[in-house]
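Following: one structure in structure tokens, then a few remarks.
Along the sequence shown, residues carry numbers from 1. Excluded from the calculations below are hydrogen atoms, water molecules and symmetry mates; all remaining heavy atoms, backbone and side chain alike, are included. For ligands, and for the atoms within them, numbers begin at 1 and follow the listed sequence.
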Amino acid sequence: GLRRIDHVGVAVADLDVAIEFYERVFGMRCVHVEENTEQGVREAMMSVGPDPAGGCVQLLAPLTPESAIAKFLERSGPGVQQVAYTVDDVAATSEELRSRGMRLLYPSARTGTGGSRINFVHPKDAGGVLVELVEPPAPARDER
Ligand code: CMX
């Protein structure tokens, strides 16, 4: 099942501009930047407050015009694109949600931030919210 909120994902047009904005206005700290070509994103994890348990906002900028984030920006403009939950076992949770009638986007998990394993529930099945499931990479599991 779901353990906690992993991050809230926000689609932005320009990652560097957004990082600067979140630092200056909200006092958040950029703790990780990564490019994920499979997902077509350049992304930044912004830590809320000094306590790691304060949670994260993930800024997502498109790498290509065909990417999910580019499509989202075109249709909806910048804003909240996804809510992500930490899970222990993405395959098991995906199966559980499938058995409750949810469409999972991938037949099996793909690679997400920092080597995590991820899958998504289609937003049309989840009340208009794109739900991401995140299984942290094994060594970091207990710290997240
Ligand atoms: N949140 C809420 N609703 C969304 C949405 C989102 N992020 N993205 C699309 N929708 C809605 C659209 O508004 C549209 O609604 P209407 O039919 O009422 O107009 C409907 O879903 C479209 O659905 P679709 O045609 O099946 O799908 P799209 O081509 O728009 O793609 C989605 C949507 C979720 C399948 C696609 O964005 C996707 O594959 N996402 C998963 C991957 C991803 O988001 N990667 C980026 C983040 C990477 C990371 O977190 O690591």
Side-chain angles (χ1 to χ4, degrees), residues 1-23 25-26 28-49 52-144:
L2 312 185
R3 281 179 57 153
R4 59 184 166 273
I5 292 178
D6 191 275
H7 62 264
V8 174
V10 175
V12 303
D14 184 314
L15 193 69
D16 297 321
V17 168
I19 291 171
E20 191 278 330
F21 174 84
Y22 273 74
E23 287 175 339
V25 175
F26 296 121
M28 294 190 196
R29 200 163 41 92
C30 180
V31 292
H32 184 75
V33 175
E34 178 174 337
E35 220 173 83
N36 184 331
T37 48
E38 187 181 34
Q39 289 292 331
V41 293
R42 216 180 135 229
E43 51 172 80
M45 263 319 166
M46 306 300 295
S47 172
V48 183
C56 282
V57 169
Q58 181 184 47
L59 303 174
L60 298 158
L63 277 180
T64 69
E66 308 78 40
S67 63
I69 297 302
K71 270 187 96 171
F72 182 88
L73 286 171
E74 221 169 86
R75 178 152 40 194
S76 313
V80 174
Q81 188 257 352
Q82 55 166 266
V83 177
Y85 299 95
T86 310
V87 301
D88 290 328
D89 181 338
V90 67
T93 304
S94 298
E95 209 36 59
E96 196 174 275
L97 293 173
R98 272 192 201 100
S99 78
R100 294 176 190 155
M102 298 293 102
R103 272 172 297 164
L104 276 290
L105 293 186
Y106 310 139
S108 61
R110 294 187 182 172
T111 301
T113 310
S116 59
R117 303 297 294 163
I118 61 172
N119 207 336
F120 295 87
V121 177
H122 196 286
K124 286 292 162 194
D125 290 350
V129 178
L130 175 61
V131 172
E132 181 179 9
L133 307 175
V134 182
E135 179 185 325
R141 184 173 290 172
D142 288 330
E143 295 156 34
R144 291 186 52 151

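Counting only N and O atoms by type, the side chains of Gln82 and His7 include a donor and acceptor under 3.5 Å apart.
The ring-ring contact (aromatic ring centres under 6.0 Å, His included) pairs that include a residue from residues 75-106 are Tyr106-Phe120, where partners are two or more places apart or lie in different chains. Sorted by first then second residue, the side-chain hydrogen bond (donor to acceptor under 3.5 Å, both in side chains) pairs that include residues 117-128, not counting sequence neighbours, are Arg103-Asp125, Thr111-Arg117.
Shown here are the salt bridge (charged side-chain N to carboxylate O under 4.0 Å, His left out) partners of Glu34, two or more places apart in sequence or in another chain: there are none.
Nearest heavy-atom pair, Pro65 versus Ala70, reported as atom, atom and distance to 0.1 Å: O-CB, 3.4 Å. In terms of heavy atoms, Val33 sits closest to Leu15 at CG1-CD2, 4.2 Å.
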Give a table of atom pairs where an N or O of ligand 1 lies under 3.5 Å from a protein N or O.
{"residue": "ligand 1", "atom": "7 (N)", "partner": "Gln81", "partner atom": "O", "Å": "2.8"}
{"residue": "ligand 1", "atom": "15 (O)", "partner": "Lys124", "partner atom": "NZ", "Å": "3.2"}
{"residue": "ligand 1", "atom": "18 (O)", "partner": "Lys124", "partner atom": "NZ", "Å": "2.7"}
{"residue": "ligand 1", "atom": "26 (O)", "partner": "His122", "partner atom": "NE2", "Å": "2.9"}
{"residue": "ligand 1", "atom": "29 (O)", "partner": "Lys71", "partner atom": "NZ", "Å": "2.7"}
{"residue": "ligand 1", "atom": "30 (O)", "partner": "Arg75", "partner atom": "NH2", "Å": "2.1"}
{"residue": "ligand 1", "atom": "44 (O)", "partner": "Gln81", "partner atom": "NE2", "Å": "2.9"}
{"residue": "ligand 1", "atom": "45 (N)", "partner": "Gln39", "partner atom": "OE1", "Å": "2.8"}
{"residue": "ligand 1", "atom": "50 (O)", "partner": "Gln82", "partner atom": "NE2", "Å": "3.0"}
{"residue": "ligand 1", "atom": "50 (O)", "partner": "Glu132", "partner atom": "OE1", "Å": "3.2"}

